[in-house]
Protein chains: 4
Amino acid sequence: MAHHFTTRVYYEDTDMGGIVYHANYLKFIERARSEWVEQIGLDQLALREAGLVFAVRRITAEFHAPARLGDVLEVTTTPKSVTAARLGLHQQVHLGKALLFEADIELVAMTLAGRPTRLPPEIRAFG
Amino acid sequence: MAHHFTTRVYYEDTDMGGIVYHANYLKFIERARSEWVEQIGLDQLALREAGLVFAVRRITAEFHAPARLGDVLEVTTTPKSVTAARLGLHQQVHLGKALLFEADIELVAMTLAGRPTRLPPEIRAFG
Amino acid sequence: MAHHFTTRVYYEDTDMGGIVYHANYLKFIERARSEWVEQIGLDQLALREAGLVFAVRRITAEFHAPARLGDVLEVTTTPKSVTAARLGLHQQVHLGKALLFEADIELVAMTLAGRPTRLPPEIRAFG
Amino acid sequence: MAHHFTTRVYYEDTDMGGIVYHANYLKFIERARSEWVEQIGLDQLALREAGLVFAVRRITAEFHAPARLGDVLEVTTTPKSVTAARLGLHQQVHLGKALLFEADIELVAMTLAGRPTRLPPEIRAFG
């Protein structure tokens, strides 16, 4: 049950190689995670006021093929492993049928002081 | 008495035109403002804890010539007008003798709640 | 006859002030210009292959109120003045009825070698 | 024999969490790679005119602790494995003695048409 999100490549995303600057794929998949989090019923601003933020702990990313200006990219987000404190997601970026980029992301929940804390129940429900 | 700051162009700053993406000059001159503010004795983190942040109110910018990968740019920052609540700066970006970009920037001080407040005395001293 | 474009604020757009980093409004309005250019029948990639790129010459921008994470912003783009070589646009960013940001933008057409050239007829038609 | 590079955190690098936005560490280490490539005698602009660009193929990154506004970060770059076509680097970001971020990066050389090609001899010399 992957979550699907669409985002478009603009001039700001490209570099002098004529393609999307590699670090910007991390932005694209973070946009998709924000949409996914909202869809499962969480409000990141409310969570933050309640003292909880998400933090990326680990990323393994593979760059298969480049995206270009105007490309409409589809980002899929799939929960892979969930414990009380740690969420593992697999995310892919496709252009049509072509897989351009994929990543495994490990997220944790933190207090505003930077201490690990339990993930919200809406996320633990995926475990 | 302009403040001088040097910054280099990296891949992240370029776009598919092969030159620096236009919005990134605003980043370059903001870096210079942060260094200038520090040099006149202000600590932005301490100010923020004390409830004061700077906000840009107005920018007039002219793009004269493009910068490219590897260029070492010099940013000059010159105070132009200072009142209790408003700071006007002129900032230029040069590559060697060539003027690439210049801007007039109007800044105000705000409380964290977004209300205008007096600028710190270190800045008002330029008035 | 303003062009309308909607864009959402993500984590990447915010800064430690808790609001959208000021330079990112230039990205938002550039996205809108790309959509507008496409809507009037131009293909930026084809233009570039034909040797024509757009360049920003001048920006006057006013920051009225901040945008925050999750805000869905509406960007309007209105042609104001068009000559053979120069296009003036007025762009506004609203959140609901609130005007957050507005800018006057002057664009020119350039050859890949950086020489001014005539704007495409689809744009000159606004003159 | 690690290469050392220093870079500072500015407002543009932070997010509403009050710390450096996670994707920006990829920018910091890319700056370091550009400096390293230059130090071993390569000119990325000349390489590109000769038809060769570098592309990131794979990144494994761990986020240990956050960086904040004003932090002066040290990025170390260490070649780990080099074949004719593939370069493996280990990169770390320290704040003083504290390790904030580390990544293993796999790079390849590509023609402008996107086909894999041999790495320049200056890099293969690390093999």
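Computed from a predicted model, the values in this text were never measured in an experiment. So you know, we letter chains A, B, ... as the sequences are listed, proteins then strands, and number each from 1.
One distance of note links CD of Glu30(D) with NE2 of His22(A); it measures 6.0 Å at 0.5 Å rounding. Here the straight-line distance linking atom CE of Met110(A) with atom CD1 of Ile19(D) works out to 7.0 Å at 0.5 Å rounding.
Contacts with chain D were tallied for Arg57(A), Glu106(A), Glu62(A); Arg57(A) has the most, counting heavy-atom pairs under 4.5 Å. Chosen from Thr60(A), Leu112(A), Asp104(A), the residue pairing most often with chain D at heavy-atom distances under 4.5 Å is Thr60(A). Of the listed residues (Ala61(D), Pro66(D), Ala23(D)), the greatest number of heavy-atom pairs within a distance under 4.5 Å of chain A belongs to Ala61(D).
With a 4.5 angstrom heavy-atom cutoff, Tyr21(D) touches chain A only via side-chain atoms. Of the atoms belonging to Val53(D), not a single heavy atom falls under 4.5 Å from chain A. Only the side chain of Leu45(D) comes within less than 4.5 Å of a heavy atom of chain A; its backbone N, CA, C and O stay farther away.
Using a 4.5 Å heavy-atom threshold, the side chains of Leu26(A) and Leu26(D) count as touching. Using a 4.5 Å heavy-atom cutoff, the side chains of Arg48(D) and Met16(A) are in contact.
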